[in-house]
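One structure is given here, and the rest of the page talks about it.
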Amino acid sequence: QLVKLFEDLQSNQKPTRKTGLREALKKKRLEIANENGKPAFTVFTNRVLEQFIQQLPTTKEKLLSIKGFGEKKIEEYADLIIPIIKEYIE
């Protein structure tokens with residue numbers, strides 16, 4: 001996370017809450033992938049990650065609107081992802 005903040009500062013961009021959310025979601029994705037012995041992109045892709053950041057879904061129903069994140073992934077990962085998003089909204 002510090003590397004990303006440094007890169008933001010170098011590029012004259014202020015670090016944003018969305019940067020923090022992106023990093024938190026990436027960290028959780030990697031944690032899930034490592035626990036299951038899978039590549040991170042199989043948990044959710046970068047495109048899905050960006051949709052999480054743009055749409056900020058806080059319910060399983062809202063997660064259904066994320067293209068590429070269907071019922072099976074919601075069943076598996078929603079309870080891990082939603083609290084992270086809620087934390088960054090508050």
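Atom NZ of Lys27 has 12 or fewer heavy atoms from other residues, nucleotides or ligands within 6.0 Å. Taking a 6.0 Å sphere around CD of Glu71, one finds it holds 12 or fewer heavy atoms contributed by other residues, nucleotides or ligands. Taking a 6.0 Å sphere around CD of Glu75, one finds it holds 12 or fewer heavy atoms contributed by other residues, nucleotides or ligands.
Residues Ile84 and Ala24 come closest through the heavy atom pair CG2-CB, 3.8 Å. Taking each heavy atom of Thr59 and Lys62 in turn, the nearest pair found is OG1-N, 3.0 Å. The two residues Pro83 and Ala78 make their nearest non-hydrogen contact at CD-O, 4.0 Å.
Under the ring pair (Phe, Tyr, Trp, His ring centres under 6.0 Å) criterion, Tyr77 pairs with no residue, sequence neighbours left out.
Phe69 places a side-chain heavy atom less than 4.5 Å from the side chain of Ile81. The closest side-chain heavy-atom distance from Leu63 to Thr58 is not below 4.5 Å. The closest side-chain heavy-atom distance from Ile85 to Pro57 is below 4.5 Å. Annotation: side chain of Lys60 is not in contact with side chain of Leu64 (no heavy-atom distance under 4.5 Å).
With hydrogens and angles ignored, the 3.5 Å screen pairs a side-chain donor or acceptor of Lys73 with a backbone N or O of Val43.
We find the OG1-CD1 distance between Thr19 and Ile53 to be 8.0 Å, quoted to the nearest 0.5 Å. Here Leu80 contributes atom CG and Leu25 contributes atom CG; the two are 11.0 Å apart, rounded to the nearest 0.5 Å. Put simply, CG on Leu21 and CG on Leu56 are 6.5 Å apart, with the number rounded to the nearest 0.5 Å.
No continuous path of hydrophobic side-chain contacts links Leu30 to Phe41 [ILVMFWY only; heavy atoms under 4.5 Å].
A side-chain hydrogen bond (donor to acceptor under 3.5 Å, both in side chains) check over residues 43-54, counting only residues at least two apart or in different chains, returns the pairs Arg22-Glu50, Arg29-Asn46.
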